[in-house]
Structure formats: C-alpha cells, structure tokens
K.L.:
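Provided herewith is a single structure, encoded as structure tokens, for subsequent inquiry.
So you know, we letter chains A, B, ... as the sequences are listed, proteins then strands, and number each from 1.
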Protein chains: 2
Amino acid sequence: MGTADGDSTAVGARKRAARPRQGASMADVARIAGVSSQTVSRVSNGFPGVNEETRRQVLAAMRELGYRPNSAARALRRGEFRTLGVITFSLSTMGNIRTLEAIATSAAQHGYAVTLLPVAVPTQDEVNGAFSRLGELAVDAVIVIMEIHLLDAATVSLPPGVQVVVADSDAGDRYTVVDTDQAGGARDAVRHLLDLGHDTVWHLAGPEDSFAAQRRANAWRSTLAEAGAVPPPLVRGDWSAESGYRAGLRLAEQQDCTAVFAANDQMALGLLRALHERGRKVPDDVSVIGFDDIPESASFLPPLTTIHQDFAEVGRLCVEGVIGKMRQDGTAHGTTLVPTRLVQRRSTAPRPERRGGQDLSDSSVVGPEGGLQPPPVVER
Amino acid sequence: MGTADGDSTAVGARKRAARPRQGASMADVARIAGVSSQTVSRVSNGFPGVNEETRRQVLAAMRELGYRPNSAARALRRGEFRTLGVITFSLSTMGNIRTLEAIATSAAQHGYAVTLLPVAVPTQDEVNGAFSRLGELAVDAVIVIMEIHLLDAATVSLPPGVQVVVADSDAGDRYTVVDTDQAGGARDAVRHLLDLGHDTVWHLAGPEDSFAAQRRANAWRSTLAEAGAVPPPLVRGDWSAESGYRAGLRLAEQQDCTAVFAANDQMALGLLRALHERGRKVPDDVSVIGFDDIPESASFLPPLTTIHQDFAEVGRLCVEGVIGKMRQDGTAHGTTLVPTRLVQRRSTAPRPERRGGQDLSDSSVVGPEGGLQPPPVVER
DNA sequence: GCTCGTAATGTTTACGTAAACATGCGCTGG
DNA sequence: CCAGCGCATGTTTACGTAAACATTACGAGC
C-alpha cells in the first residue's frame with residue numbers, strides 16, 4: 001500500500017527532494033547541547049556573555065549535527081542580506097572582468113557575497129529589466145559596471161535603501177562613481193609620444209557611444225593642442241582587434257603618420273598586424289601605444305608600450321564606497337579617479353627622421369630616458 | 001527631551017539607516033487593497049482562484065506602495081533561494097570567464113540568480129574556505145569551475161541537499177562534470193598538422209597540475225602514436241604568453257621543429273613572438289596551432305589557426321545539469337563533453353620541404369584543402 | 001427548501017533567527 | 001544580612017511569506 005498510489009508517491013518524492021536541504025536548526029543544536037536556542041545564536045554570532053564551557057558544548061553539538069546557519073532566516077531577521085549586486089554587460093571586456101574580480105574579492109573580505117546580474121545586450125529594455133529584477137533580488141547595494149547613459153534613461157527606480165556605485169563611467173553628480181583616470185592616462189600616452197619627438201599623434205579611438213572612449217579622445221585632442229601640435233583626423237574603431245586591423249590598413253597609407261595612440265590594447269594588436277603586413281616597422285617607422293595593459297600585451301610583436309589601468313583598485317574602491325554609503329546613509333555623490341601608469345615596452349621609439357637615414361639598430365636608443373615627468377615603468 | 005539624549009539619538013539614526021530598505025510588506029498592500037495578505041500572496045505568485053477585479057485592486061495597491069517581495073522571507077518560507085553559487089579561481093583565464101558569463105545568462109533565464117565565490121589562490125586552504133563559506137551562503141546548488149584535484153582533497157563536506165556540477169575538469173564518477181572535449185580538440189589539432197605533411201608535431205603544454213593540460217598532452221601523444229610519428233620531447237609552459245615566449249626561444253633552436261601545437265592561444269602568442277624574433281617564419285618555416293580561440297587570436301601575426309571551445313555551451317549545460325539534478329534528486333554522475341571545432345587561419349601550412357627550396361610565396365598554398373575529416377572553419 | 005459543491009477569500013501557523021526582555025544565581029558592600 | 005549588581009542563560013516575540021486549513025457566498029440538483 002505504501003508504494004501503491006503512484007501519484008501521491010511522486011508528490012512525496014518531490015517534496016522530499018525540494019526540502020531536505022534544511023539540515024539542523026538552532027533548535028536542534030540547542031536540544032543536543034542542552035541549552036536554549038538563544039545561546040546557540042550567541043555562540044553562532046560570536047557574542048560575549050557565554051560561559052566558555054557552554055560555548056564548547058554548543059560548538060560540539062554544531063559539529064555533530066553539521067549545523068549551518070540559515071541565511072534566509074538570518075537575512076529576514078536582520079533586514080540585510082550581506083550581498084552586493086553587480087550589474088554588468090556581457091563580460092566581454094577585460095577591464096570589466098578584472099573589476100568584477102576585484103569586487104568579488106574585496107566583497108568577500110568585508111563579509112559580503114556578490115550576485116551577478118548580467119545584461120545580455122546593452123539596450124534600454126535589458127537594463128530596465130535588470131533593474132526591476134533587482135527589486136526582488138536579495139541585495140543590499142548595487143555596483144553598476146557600464147556606460148552610464150543607459151542608466152540615466154532607466155525608467156525603473158531602484159528599491160529604496162539600495163545604494164548604488166557606478167564603475168567605469170561618468171556623471172558623478174548623479175551617482176557615486178569610481179573610475180580610472182581616463183583623461184590622465186590618455187594625456188600621458190600622448191605626451192610620451194610627443195616627448196619622443198613625434199610632430200603629432202594619431203588616435204585610434206573607441207566607439208562613439210562609449211564615455212571612456214570619448215574621454216580618452218578628448219584628452220588626446222587637448223594634449224595635442226596644449227603642445228601646439230596639429231591633430232590628425234580621428235580614426236574610429238570598436239575596441240576589437242579586428243577593427244584595429246582595419247583602421248591600421250588605412251593608417252599604414254599615411255606616410256606622415258609616425259605615432260599612434262590606440263584607445264585599447266586589443267585595437268593596438270590589430271594595428272600592429274596591419275602595420276606589419278604593410279611593411280611599416282614598429283617602432284622604427286611608427287610608434288604605437290595602447291591603453292589597458294592586458295596581460296598579453298607584453299607578448300605582442302613588439303611588446304606593447306601601454307597605459308596600465310588598476311582595475312583591482314577600481315573594484316576595491318567600489319566595494320568600500322558602497323559599503324561606506326550603506327553604513328552612514330551616504331547621499332553625497334562624487335567621482336573617485338584611480339591613477340594610471342605608463343608601462344614602457346618596445347612599441348614606441350623616437351621619431352624616425354631624428355634618428356638619421358642610416359638604419360642604425362642601436363638598441364639603446366629604443367628606450368629613451370629623457371623628457372618624461374612621471375617615472376614610467378620600463379618593461380615589467 | 002526627545003533629542004536630548006545624544007546616545008539614544010545616534011542609536012535611532014543607525015537603526016533607521018540599517019532598516020529602511022524594507023519597503024511595503026504584503027500586509028501593507030493587503031490593507032490598501034482591502035483584502036487579506038494571503039490574497040496578496042496569491043496575486044504575487046500568479047496563483048489561480050482570485051477574482052479578476054480583486055487582482056486588479058491588489059496590483060494597483062502594489063504599484064502604489066512600490067511593493068517588492070522580500071526574498072529573504074520568501075526563501076525562508078519556500079526553503080529554496082533560487083540562487084546558484086559559482087566557485088572559481090581568480091577569473092584569470094578567458095575560458096573561465098566565458099563559462100561564467102554563460103552560466104549567469106542561462107541561470108537568469110531559469111529564474112536563478114548567480115552568486116560568485118572567488119577563490120583568490122588555488123590552495124587547499126582557500127578551497128576549503130570557500131566551501132565552508134558556502135555552507136552559510138544562500139545557494140541551492142553549486143557550479144565549480146576549477147581543476148578537480150583540489151576539490152578531491154577538500155576536507156569540508158558540502159551542505160546536504162546542495163547539488164554540484166563541475167565544469168572544465170575531470171573525475172566524472174565522483175561529480176557531474178561538463179567539459180570541453182579536450183582530447184578530441186587536441187587530436188584534431190595534431191591531425192591537422194600531420195595532414196599538412198609534417199613528420200611530427202611538438203607540443204607546448206600547460207602546467208603539469210592542470211587536468212586540461214594533461215588531457216591535451218595525452219591526446220597529442222596518442223594521436224602521434226596512432227599516426228606512427230615520433231613524439232618530440234614535451235615542452236612545458238604555464239598558460240601565460242610569457243611562458244610561451246620562453247618556450248618559443250628554445251623551440252626556435254630546434255631546426256627539425258616544423259609544427260607546434262600550443263595548449264592555449266596565449267602561449268601560442270608568446271611562441272609566435274619568439275619564432276619571429278629568431279627569424280623562423282610562421283607558417284613558412286614553422287606551423288603553429290593554438291587552443292581556445294580567444295577573440296584576439298584572429299589578429300595575431302599571423303592570424304592563429306586554433307581549436308575553438310564553446311564555453312557558452314559548457315556554461316549552459318552546467319546550469320541545466322544542476323537544475324535538473326535539483327528537480328529530480330539526481331545522483332547519477334557522468335561527464336558531458338562539448339565538442340570543439342578547428343578554426344583554420346594562417347599560422348599553419350604544409351611542411352617546408354614539400355614546398356621546395358624556392359621561397360614561393362604563393363598564398364593559395366597557405367590554405368590547404370585536403371585531408372581533413374571534419375570540415376574545418378576557414379577564417380571566420 | 002435543503003444539501004452539496006465550488007469559487008473566492010480569510011485565518012492560523014510555521015519557517016529559523018536574533019533582538020528585547022526576563023530570570024536566576026552568586027557575590028559585594030554597607 | 002540583605003539590597004543590589006552583573007553575569008549566564010532562558011523566554012517571548014517579530015521579521016515577511018505561503019502552505020494548510022477555515023469560512024463564506026452562491027448556484028445547481030434533488
């Protein structure tokens with residue numbers, strides 16, 4: 001009879017499968033240890049006022065039963081989840097990933113878990129969807145890693161009490177923002193090339209709708225202007241190595257182009273390939289500098305001089321910022337900039353004309369020493 | 001008197017800051033809508049048995065109050081969190097990241113959130129730590145993206161009822177595993193080079209303690225053996241482009257080395273640089289094939305022929321596997337292999353001797369058509 | 001006209017935890 | 001010698017939700 005009724009058995013099985021996870025509760029531990037559940041709670045949370053002997057008994061009972069605090073009950077009681085939500089576009093760019101990783105690590109150190117909210121495609125609908133899902137999600141605060149303009153137009157309001165910090169973006173008066181010092185990095189890149197004697201610097205920019213790309217391009221233009229150099233027409237890419245390659249084919253035709261600042265390392269990679277294919281030697285004929293310092297860039301042909309971004313620091317500051325805001329109902333919005341640093345490898349060299357007509361392959365001239373204000377990292 | 005006591009005021013403020021997140025509860029909605037909270041619950045969960053008119057009123061009240069279900073209470077009541085935990089080493093490899101992304105996307109589609117559990121360094125202590133933190137975490141199931149041997153030695157037992165699926169690893173009899181068909185991919189890579197006429201194929205392997213590296217190396221060896229080729233000494237790297245470069249400097253000395261299978265694209269990148277620096281032309285003198293098909297590999301010098309891994313599929317299968325196991329108390333362990341595919345670009349070519357002494361740069365010979373069983377993707 | 005079934009809604013209860021408050025006990029000081 | 005204090009521990013309660021059970025109301029069938 002016990003197994004006769006197929007239907008009810010199936011229901012029973014489903015029930016059993018759905019609910020065996022709840023192992024022991026505080027009450028169970030309390031019973032074994034011969035104390036009240038409140039004492040178990042005190043031990044569990046490391047509160048004072050528990051006799052050492054009692055504490056040992058409770059801990060023993062916990063071990064025996066394999067007790068794990070139920071985080072749902074805990075969250076319900078405390079009113080907080082100890083969880084941070086991270087909204088990000090598909091983890092396509094290295095920068096986002098490294099930032100995310102730093103966020104996760106830093107959050108763990110602060111006793112917070114991290115919940116991922118991927119946005120498949122960067123459309124307004126998707127972003128709105130992510131924000132409304134957020135409402136039901138067990139998160140105390142949110143870190144957004146994305147270009148802000150989509151966020152601005154988001155029609156869904158955040159749940160009350162949920163703090164937000166935005167990484168890698170702009171608009172510091174509306175949200176708290178942590179970002180790499182895009183402008184500073186771009187300025188250093190352009191100055192580095194100018195200091196090497198190049199008359200001007202071409203720019204292979206990122207896509208128009210990216211704030212980061214915009215700010216790098218603006219800094220490029222203004223640094224050239226400050227130096228009295230004539231800005232060449234801007235060349236547009238889309239961050240991908242492939243787009244860098246296509247742009248590079250065009251740049252290779254420009255005989256007066258001796259120095260290029262690529263807005264990221266991937267595009268620089270494609271650029272290097274195009275220049276190589278067209279017989280323009282790097283750095284002898286053309287100097288190339290990138291941005292990001294992805295791990296592979298040290299192995300490009302030639303190893304890429306680039307602007308290093310400290311994504312780990314960005315992530316860390318995001319977490320500390322958002323936790324800080326939670327602690328003291330922070331409402332002040334502002335922007336924190338994380339400095340970059342120039343990593344000098346072998347894709348940049350003095351302007352060709354200066355080095356005379358002979359093909360002097362004196363390698364010491366490759367690493368120029370003079371003219372740089374902040375001491376750059378050479379190789380690594 | 002109300003504001004006289006500074007201390008109590010401070011406490012009050014802290015309380016207010018710590019607990020305003022709980023907006024409206026079901027009871028609040030119920031009061032506004034003039035129904036019981038149970039009816040609100042029914043509407044909230046889309047259950048039947050609610051009059052259409054009543055439902056509209058409740059929904060209106062929800063909107064008015066900005067009601068959001070409290071996921072902690074919900075989880076406590078239901079006994080499940082609708083959350084998946086993902087344990088992974090620092091997101092250093094592209095494969096892990098892409099897998100993670102696919103997991104997050106797929107989980108969202110199934111109504112699950114994803115919580116990240118980063119393990120800073122791959123030591124036993126760290127892994128144990130992650131697993132014990134897991135116990136307190138609000139997760140129903142876990143996906144582990146890591147080499148399993150550390151998992152094997154993990155002393156911390158998983159909370160009961162928490163299902164596990166392992167990605168990118170081995171040991172299918174102990175856990176449910178989803179992995180790329182490492183062996184198949186490696187076999188295709190080696191066969192591709194043999195079919196091009198190379199006498200044998202060198203292998204630039206990943207680190208010894210990686211199962212993926214082991215399996216690729218084993219498949220390399222056995223494929224050579226099947227073909228009656230003599231396996232050259234194995235060259236060891238550590239996945240990084242830098243290690244590929246160092247290995248490449250050594251390989252460049254081997255005049256009989258005409259074909260190299262690198263265990264990942266990063267090492268292939270370093271290898272290309274070393275060969276270039278030592279004047280060994282790719283693919284004219286040496287053919288190089290990679291593994292992974294990272295986005296940049298199409299822009300290497302030359303564009304890299306490689307084995308494409310479908311990380312998205314791996315992630316998707318992980319999620320579906322783990323959810324399936326939860327649904328029907330699955331205990332059967334097994335391994336699901338995701339097939340790879342050969343992406344033919346320009347870093348592989350027929351063996352030099354076959355092409356005669358003259359430096360014939362006929363490009364049509366670069367893309368060999370014959371001899372491959374599975375139709376490879378050419379370029380992309 | 002009464003019972004019965006069904007649809008719509010309400011009431012009670014329990015999930016596991018932890019704050020708030022209550023109890024008991026031993027010791028100190030006047 | 002006992003008021004009073006402080007420590008260790010116990011009891012009550014509430015967090016928001018949803019299952020289980022209870023209660024209406026109304027119409028069909030006899």
K.L.:
Nearest nucleotide by nearest heavy atom, which residue falls closer to the 5' end of DNA chain C, B:V35 or A:R42?
P.N.:
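Per heavy-atom nearest nucleotide, the more 5' residue is B:V35.
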K.L.:
Between D:dT17 atom P and B:M62 atom CE, what is the distance in whole Å?
P.N.:
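After rounding, the gap between these two atoms is 9 Å.
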K.L.:
In whole Å, what is the span from the CZ atom of B:R31 to the P atom of C:dG10?
P.N.:
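My rounded result for the distance is 14 Å.
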K.L.:
Once hydrogens and angles are ignored, does a donor-acceptor distance under 3.5 Å link the base of C:dG16 to the side chain of A:R68?
P.N.:
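Result: no qualifying N/O pair found.
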K.L.:
Heavy-atom nearest nucleotide on DNA chain C for A:S44 versus B:A73: which residue maps closer to 5'?
P.N.:
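Result of the comparison: B:A73.
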K.L.:
Taking only side-chain nitrogens and oxygens of B:R74, does any of them come within less than 4.0 Å of OP1 or OP2 of D:dG16?
P.N.:
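Checking B:R74 against D:dG16: no side-chain N or O falls below 4.0 Å of OP1 or OP2.
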K.L.:
CD of A:Q38 versus P of C:dT23: gap in Å, rounded?
P.N.:
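Rounding to the nearest Å, CD of A:Q38 and P of C:dT23 are 16 Å apart.
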K.L.:
Tell me the interatomic distance from B:R55, atom CZ, to C:dA7, atom C1', rounded to whole angstroms.
P.N.:
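B:R55 atom CZ is separated from C:dA7 atom C1' by 13 Å.
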K.L.:
Reckon B:S37 has a side-chain N or O less than 4.0 Å from the OP1 or OP2 of D:dT17?
P.N.:
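Checking B:S37 against D:dT17: no side-chain N or O falls below 4.0 Å of OP1 or OP2.
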K.L.:
For A:S41 and C:dA19, is the shortest distance between a side-chain N/O and OP1 or OP2 below 4.0 Å?
P.N.:
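No, outside the criterion.
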K.L.:
Between B:F47 and B:A72, name the one whose nearest nucleotide on DNA chain D is closer to the 5' end.
P.N.:
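Looking at DNA chain D, the more 5' nearest nucleotide goes with B:A72.
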K.L.:
Would you mind reading off the distance between A:L76 atom CG and D:dA14 atom C1', rounded to a whole angstrom?
P.N.:
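Those two atoms, CG and C1', are 9 Å apart.
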K.L.:
Closest approach of B:A75 and A:A72, non-hydrogen atoms and distance?
P.N.:
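Scanning both residues completely, I find the closest heavy atoms to be CB-CB, 3.7 Å.
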K.L.:
Select one nucleotide: of C:dC15, D:dT9, D:dA18, the one nearest the side-chain heavy atoms of A:T54.
P.N.:
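Closest nucleotide to the A:T54 side chain: D:dT9.
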K.L.:
Check whether any side-chain nitrogen or oxygen of B:N51 sits under 4.0 Å from OP1 or OP2 of C:dA7, and answer yes or no.
P.N.:
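No, no such contact exists.
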K.L.:
Regarding C:dG16, can its base be found pairing with the side chain of B:R77 as donor and acceptor, where the two atoms are less than 3.5 Å apart?
P.N.:
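It does not, because no donor-acceptor pair links the side chain of B:R77 to the base of C:dG16 below 3.5 Å.
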K.L.:
Does the side chain of A:T115 come under 3.5 Å of the side chain of B:T115 through a donor N or O and an acceptor N or O?
P.N.:
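Yes, a side-chain donor-acceptor pair sits under 3.5 Å.
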K.L.:
Hey, does the side chain of B:S36 come within less than 4.0 Å of C:dG10's phosphate (OP1/OP2), counting only N and O?
P.N.:
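Yes, B:S36 has a side-chain N/O under 4.0 Å of OP1/OP2 on C:dG10.
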K.L.:
How many angstroms lie between CD1 in A:I145 and CD1 in A:I143, if you round to the nearest 0.5 Å?
P.N.:
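One gets 7.0 Å once the value is rounded to the nearest 0.5 Å.
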K.L.:
Grab the CE-P distance between B:M26 and C:dT12 for me, whole Å please.
P.N.:
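Taking atom P of C:dT12 as the reference, CE of B:M26 is at 18 Å.
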K.L.:
Using the side-chain heavy atoms of A:T39, tell me which of these nucleotides is nearest: C:dG10, D:dT17, D:dT9.
P.N.:
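Among the listed nucleotides, the one closest to the side chain of A:T39 is D:dT9.
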K.L.:
What's the spacing between B:R56 CZ and B:T54 OG1 if we round to 0.5 Å?
P.N.:
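Nearest 0.5 Å value for the CZ-OG1 distance: 9.5 Å.
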K.L.:
To the nearest Å, give me how far apart CZ (B:R78) and C1' (D:dA19) are.
P.N.:
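Nearest whole value for this atom pair: 12 Å.
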K.L.:
Taking all non-hydrogen atoms of both residues, which atom of B:V58 and which atom of B:V29 are closest, and how far apart?
P.N.:
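Scanning both residues, the minimum pair turns out to be O-CG1, 4.0 Å.
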K.L.:
Please state how far atom CD in A:E52 lies from atom P in D:dC7, giving the value in whole angstrom units.
P.N.:
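From A:E52 CD to D:dC7 P: 16 Å.
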